[in-house]
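Structure, as structure tokens:
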Amino acid sequence: LDEGCMTLGGDAMVFQGMCLSRGLGIVTAMGVAGCYPYEFRSPGGSVYYSEHNFGLLHANFAPKPAWSAYTTFVDARPVCSENLERKWRNEKGTVFCPCWRRPDGKTAGMIWRTDRNEMSTLSFTADAEISFCDHLGAQLNPLEVSKGQFRLEIGPCPIFFKGGVPVLR
């Protein structure tokens, strides 16, 4: 699969990172064996010509947010990770939660919503201490309301977790 999302600056670069994370999560959940960026580095030139704006890096090799999204995904789901046999999206197609077992034996995954932001309490089955980060790799420290239950705002930007998987209703 060839994954590409162009940027035309500012908010579009943040959107590119979000789309890349979500796209990688969906295709791996569907069992696609290989997914490659459409263009590693934007060649530069016109900001108005789409073919000059697909890369994960700028023409001068400075990273775009999509680079952080890509490296966060690869760190969360290393090569040889295996999908967990479970439903990974709700019936309405508004909540996505692909999960996998990493080569180190820990379970991990990501979650996002497509319809709105919503504060949610998620119950996790844990096999290790659970850690969270956003789609760009920034550590998150959600409130643990009781053992294995965390309060998170779920929205369009994926949240990665490692050390357990949420029980979805």
Side-chain angles (χ1 to χ4, degrees), residues 1 3-32 35 37-38 50 53-56 63-78 81 83-102 106-169:
L1 176 70
E3 169 80 20
C5 183
M6 69 176 185
T7 60
L8 297 175
D11 290 341
M13 283 193 275
V14 174
F15 184 73
Q16 179 192 33
M18 180 191 73
C19 288
L20 181 64
S21 287
R22 288 166 40 165
L24 290 170
I26 290 169
V27 299
T28 55
M30 294 175 67
V32 173
C35 185
Y38 175 74
S50 62
N53 296 286
F54 277 100
L56 304 181
K64 293 181 182 180
W67 175 253
S68 295
Y70 182 73
T71 58
T72 299
F73 184 87
V74 171
D75 180 59
R77 193 182 196 287
S81 294
N83 289 337
L84 296 181
E85 293 295 324
R86 60 179 265 148
K87 194 171 168 179
W88 56 272
R89 67 178 173 210
N90 69 354
E91 295 296 325
K92 293 180 182 177
T94 56
V95 178
F96 292 77
C97 188
C99 297
W100 51 85
R101 182 166 311 283
R102 298 163 41 95
K106 292 180 183 173
T107 53
M110 58 196 297
I111 189 167
W112 72 92
R113 297 186 69 96
T114 59
D115 58 345
R116 65 183 181 277
N117 286 4
E118 181 175 278
M119 284 303 293
S120 301
T121 300
L122 298 176
S123 297
F124 281 79
T125 59
D127 51 43
E129 183 177 342
I130 300 172
S131 60
F132 299 88
C133 72
D134 70 15
H135 74 290
L136 300 177
Q139 182 179 339
L140 300 175
N141 297 303
L143 174 66
E144 187 170 13
V145 294
S146 65
K147 183 143 178 73
Q149 290 190 326
F150 296 88
R151 193 96 173 114
L152 293 157
E153 183 172 3
I154 311 294
C157 292
I159 294 173
F160 287 89
F161 46 86
K162 181 170 54 174
V165 295
V167 178
L168 299 179
R169 297 177 212 120

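Being a predicted model, the structure only gives us computed values, none of them experimental.
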Side chains of S123 and P166: closer than 4.5 Å at any heavy-atom pair?
no
Distance in Å, Q16 CD paired with S21 OG, rounded so as to fall on 0.5 Å steps:
10.5 Å
Heavy-atom distance under 4.5 Å between the side chains of L84 and R101, does that happen here?
yes
Identify, with sequence neighbours excluded, every residue that meets ring-ring contact (aromatic ring centres under 6.0 Å, His included) alongside W88.
none
Return the CG to CG distance between L24 and L20, rounded to the nearest 0.5 Å.
4.5 Å
Got M110 and P98 here, is their nearest side-chain heavy-atom distance under 4.5 Å?
yes
Quick one, T107 and R102 - any side-chain contact, counting heavy atoms below 4.5 Å?
no
Would you say that C97 contacts R89 through its side chain, given a criterion of any heavy-atom pair below 4.5 Å between the two side chains?
no
Qualifying salt bridge (charged side-chain N to carboxylate O under 4.0 Å, His left out) pairs with a residue from residues 13-30, counting only residues at least two apart or across chains:
none
Would W112 and V95 count as a side-chain contact (heavy atoms from CB on, under 4.5 Å) if you check the C-alpha gap in whole Å, the side-chain angles of each, and the deciding distance to 0.1 Å?
CA-CA 6 Å; W112 72 92; V95 178; over 6 Å; no
For K92, all residues meeting side-chain contact (heavy atoms from CB on, under 4.5 Å), sequence neighbours excluded
N90, T94
Side chains of I111 and F96: does their closest heavy-atom pair fall under 4.5 Å?
no
Going by atom type alone, with no hydrogens or angles, which donor-acceptor pairs under 3.5 Å involve a side-chain atom of residues 150-164 and a protein atom two or more places apart or on another chain?
{"from": "R151", "atom 1": "NH1", "to": "T121", "atom 2": "OG1", "distance (Å)": "3.1"}
{"from": "E153", "atom 1": "OE2", "to": "N117", "atom 2": "ND2", "distance (Å)": "3.3"}

Just so I know, are the side chains of I26 and V32 near enough to count as touching, which here means a heavy-atom distance under 4.5 Å?
no
Output a table of donor-acceptor pairs, distance under 3.5 Å, between side-chain atoms of residues 128-139 and any protein atom two or more places apart or on a different chain; print 'none' if there are none.
{"from": "D134", "atom 1": "OD1", "to": "L136", "atom 2": "N", "distance (Å)": "2.9"}
{"from": "D134", "atom 1": "OD1", "to": "G137", "atom 2": "N", "distance (Å)": "2.9"}
{"from": "D134", "atom 1": "OD1", "to": "A138", "atom 2": "N", "distance (Å)": "2.9"}
{"from": "Q139", "atom 1": "NE2", "to": "N141", "atom 2": "OD1", "distance (Å)": "3.0"}

Quick one: which residue pairs count as a salt bridge (charged side-chain N to carboxylate O under 4.0 Å, His left out) with a foot in residues 107-122, not counting sequence neighbours?
R113-D115, R113-E118, R116-E118
Would a 4.5 Å heavy-atom cut-off, applied to side chains only, mark M18 and V14 as touching?
no
